[in-house]
Amino acid sequence: MAKVNKRLAVLVGCNYPNTQFELHGCINDVVAMKDLLVKRFGFDPTNIELLTDASAVTREGSSSVVLPTGENIKAALSKMVSQAEAGDVLYFHYSGHGTRIPKPAHIFGHDEAIVPCDFNLITDVDFRQLVNQLPKGASFTILSDSCHSGGLIDKEKEQIGPSTYRAASSLSYKAKNIPFESILEHLTTLTGINTSDIGTHLLESFGANASLKFLTPQLESELFDFLKADEGILLSGCQADETSADMNPMESGGKAYGAFSNAVQMVLKENSGRLSNKEVVMMARKVLEAQGFDQHPCLYCSDENADATFLCQPEAKPY
């Protein structure tokens with residue numbers, strides 16, 4: 001009997017309810033994506049793990065009982081990667097806040113991170129380690145609908161990068177970004193420690209469950225000693241220096257959504273045939289531009305995966 005390749009997914013939606021950072025469309029994004037994964041891409045619902053911070057009242061009809069904390073998200077991703085074999089298709093969809101962590105004063109630039117509901121940051125170094133653990137022949141696609149998501153797999157090759165075009169947007173939306181200073185302030189209130197070193201606060205608050213970037217700083221350079229083309233594929237909602245939009249048209253009777261998640265879903269629904277990763281990103285860019293958004297999705301992966309079919313979509317079955 002021929003081996004059937006697995007299709008595994010982890011979907012995370014963080015709305016941060018009842019906080020100053022509240023968003024509205026992130027859970028809608030991943031619920032809609034789950035439906036697409038099952039109906040179009042052949043995922044078994046039992047192989048899709050959904051983590052949201054929905055309240056107990058709105059969660060009654062959902063199978064999600066696990067909050068999207070940093071520890072829980074990393075555990076779900078580690079479990080998925082550990083189950084992977086050659087030929088398997090892995091997918092992680094994140095909709096929520098992102099942030100940029102300044103590098104030490106003697107190093108130029110920033111590190112990208114997503115912001116779980118408990119502020120236990122998951123950094124580009126964590127995603128790099130997950131990709132490095134993939135068995136040969138398995139693919140791992142990450143779609144991050146968050147601010148500063150460009151470069152979220154550290155050192156992944158840029159295929160569709162920054163755009164110099166900037167449109168003046170008149171849309172009313174909330175940026176899916178929590179400034180580094182706000183995260184530092186929040187963590188300082190938790191730890192009571194007077195330091196601007198975010199690593200100190202994260203280690204004090206989360207111990208061994210903090211990001212590898214802060215647990216073992218020397219690991220960051222070791223992870224890249226033998227870097228080569230890999231099976232990591234990142235579709236980012238925007239460039240590293242941009243914000244991603246969270247739309248809340250609920251007052252007019254519409255449903256809240258993340259602009260990038262919605263654009264990708266529109267592209268997939270309007271094009272029933274197979275699309276490459278590059279085509280999905282370029283088409284999503286055009287959708288966002290037509291809608292008046294000033295954010296530019298990017299693609300990071302190997303040359304081969306840029307032209308590979310998005311989520312290895314199975315061929316349509318003949319009727």
Side-chain angles (χ1 to χ4, degrees), residues 9-10 12 33 73 77 80-81 84 89-96 98-101 103 108-114 121-134 136 138-165 176-177 211-213 220-221 223-244 258-261 263-264 267-268 275-286 288 295-312:
V10 174
V12 174
M33 195 66 198
I73 295 172
L77 291 173
M80 180 170 68
V81 170
V89 177
L90 280 58
Y91 180 64
F92 174 53
H93 190 122
Y94 172 76
S95 184
T99 195
R100 301 179 86 188
I101 306 167
K103 288 182 181 288
F108 176 78
H110 296 78
D111 288 306
E112 291 75 37
I114 61 172
L121 303 182
I122 302 177
T123 70
D124 48 5
V125 174
D126 297 304
F127 288 110
R128 165 49 60 195
Q129 194 209 33
L130 286 165
V131 168
N132 285 3
Q133 292 173 343
L134 277 179
K136 187 175 178 59
S139 68
F140 186 9
T141 301
I142 297 172
L143 190 154
S144 190
D145 189 353
S146 57
C147 291
H148 312 304
S149 46
L152 199 55
I153 304 176
D154 205 3
K155 302 298 189 289
E156 194 63 61
K157 184 173 182 179
E158 182 182 277
Q159 298 289 345
I160 300 175
S163 169
T164 56
Y165 174 73
K176 301 169 87 167
N177 165 57
S211 169
L212 286 169
K213 176 175 178 59
E220 186 166 358
S221 60
L223 282 172
F224 311 124
D225 283 347
F226 307 102
L227 208 54
K228 55 187 184 299
D230 56 57
E231 297 305 316
I233 303 165
L234 170 66
L235 290 76
S236 68
C238 61
Q239 299 168 187
D241 63 345
E242 289 183 331
T243 59
S244 290
F260 180 51
S261 293
V264 169
V267 166
L268 294 173
L275 295 173
S276 69
N277 291 305
K278 186 182 294 184
E279 287 172 326
V280 170
V281 172
M282 291 306 297
M283 289 179 178
R285 272 196 177 194
K286 289 179 180 177
L288 290 168
Q295 64 185 80
H296 301 86
C298 297
L299 175 66
Y300 300 81
C301 62
S302 67
D303 294 340
E304 183 179 353
N305 280 330
D307 295 314
T309 304
F310 178 67
L311 290 183
C312 302

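- A pairwise comparison of heavy atoms in Phe127 and Ile122 identifies CE1-CG2, 3.8 Å as the closest pair.
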Starting from the C-alpha separation in whole Å, work towards a yes-or-no answer on side chain to side chain contact (heavy atoms under 4.5 Å, CB included) for Gln295 and Leu288.
CA-CA 7 Å; Gln295 64 185 80; Leu288 290 168; 3.9 Å; yes
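- Of all heavy-atom pairs between Tyr300 and Ser236, the closest is CE1-OG, 4.0 Å.
- With a 4.5 Å cut-off on side-chain heavy atoms, Met283 and Leu275 count as touching.
- Looking at heavy atoms from C-beta onward, Leu235 lies in side-chain contact with Val280 at the 4.5 angstrom threshold.
- Under 4.0 Å is where a charged nitrogen must lie from a carboxylate oxygen, and between Lys136 and Glu231 no such pair does.
- Distance check: Gln129 CD to Leu212 CG gives 4.5 Å after rounding to the nearest 0.5 Å.
- Taking all atoms of both residues into account, the shortest heavy-atom contact from Ser144 to Phe260 is O-CD2, 4.2 Å.
- At least one side-chain heavy atom of Phe310 sits less than 4.5 Å from a side-chain heavy atom of Leu268.
- Among all heavy-atom pairs drawn from Cys298 and Ile160, the shortest one is CB-O, 3.0 Å.
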Glu156/Leu234 under side chain to side chain contact (heavy atoms under 4.5 Å, CB included): CA gap, chis, key distance, verdict
CA-CA 8 Å; Glu156 194 63 61; Leu234 170 66; 5.6 Å; no
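- Counting all heavy atoms, side chain and backbone alike, Cys238 lies closest to Ser149 at N-OG, 3.5 Å.
- For the pair Thr141 and Leu90, the minimum side-chain heavy-atom distance is 4.5 Å or more.
- Residues Val81 and Gln133 are in side-chain contact: their nearest non-hydrogen atoms beyond the backbone lie under 4.5 Å apart.
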Given the rule in the side chain to side chain contact (heavy atoms under 4.5 Å, CB included) test, do Ser139 and Cys312 qualify, once you have shown the distances and angles that lead to the verdict?
CA-CA 9 Å; Ser139 68; Cys312 302; 4.2 Å; yes
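- In this structure, the side chain of Arg128 engages the main chain of Asp154 through a donor-acceptor pair within 3.5 Å.
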From CA spacing to verdict: side chain to side chain contact (heavy atoms under 4.5 Å, CB included), Arg100, Asp241:
CA-CA 9 Å; Arg100 301 179 86 188; Asp241 63 345; 4.0 Å; yes
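- Counting only distance, with no hydrogens or angles, the side chain of Lys176 and the backbone of Asp145 share a donor-acceptor pair below 3.5 Å.
- With contacts defined as side-chain heavy-atom distances shorter than 4.5 Å, the pair Thr123/Asp111 does not qualify.
- At a threshold of 4.5 Å between non-hydrogen side-chain atoms, the residues Met33 and Tyr91 count as touching.
- Considering every non-hydrogen atom in both Cys301 and Asn305, the closest pair reads SG-C, 3.7 Å.
- To the nearest 0.5 angstrom, Ile114 atom CD1 is 6.5 Å from Leu152 atom CG.
- Side-chain polar atoms of Asp303 and Gln159 form a donor-acceptor pair below 3.5 angstrom.
- Between the Arg285 side chain and the Pro297 main chain, a donor and an acceptor come within less than 3.5 Å of each other.
- Of the inter-residue distances, the one linking Met80 atom CE with Leu134 atom CG reads 8.5 Å to the nearest 0.5 angstrom.
- Side-chain contact of His93 with Ser261: a donor-acceptor pair under 3.5 Å is present, judged by distance alone.
- For the 3.5 Å distance criterion, the side chains of Glu242 and His148 fail to qualify, holding no donor opposite an acceptor.
- In this structure, Val267 and Glu279 have side chains that are not in contact, with every pair of non-hydrogen atoms separated by 4.5 Å or more.
- Checking each of Ile233, Val89, Leu130, Asp230 against Phe140 for a side chain to side chain contact (heavy atoms under 4.5 Å, CB included) leaves exactly one that passes, namely Leu130.
- Asp307 and Ser276 form no side-chain donor-acceptor contact under 3.5 Å, judged by distance and modelled atom types alone.
- Salt-bridge formation is not detected for the pair Asp126/Lys213: no Lys NZ or Arg NE/NH1/NH2 atom is positioned less than 4.0 Å from an Asp or Glu carboxylate oxygen.
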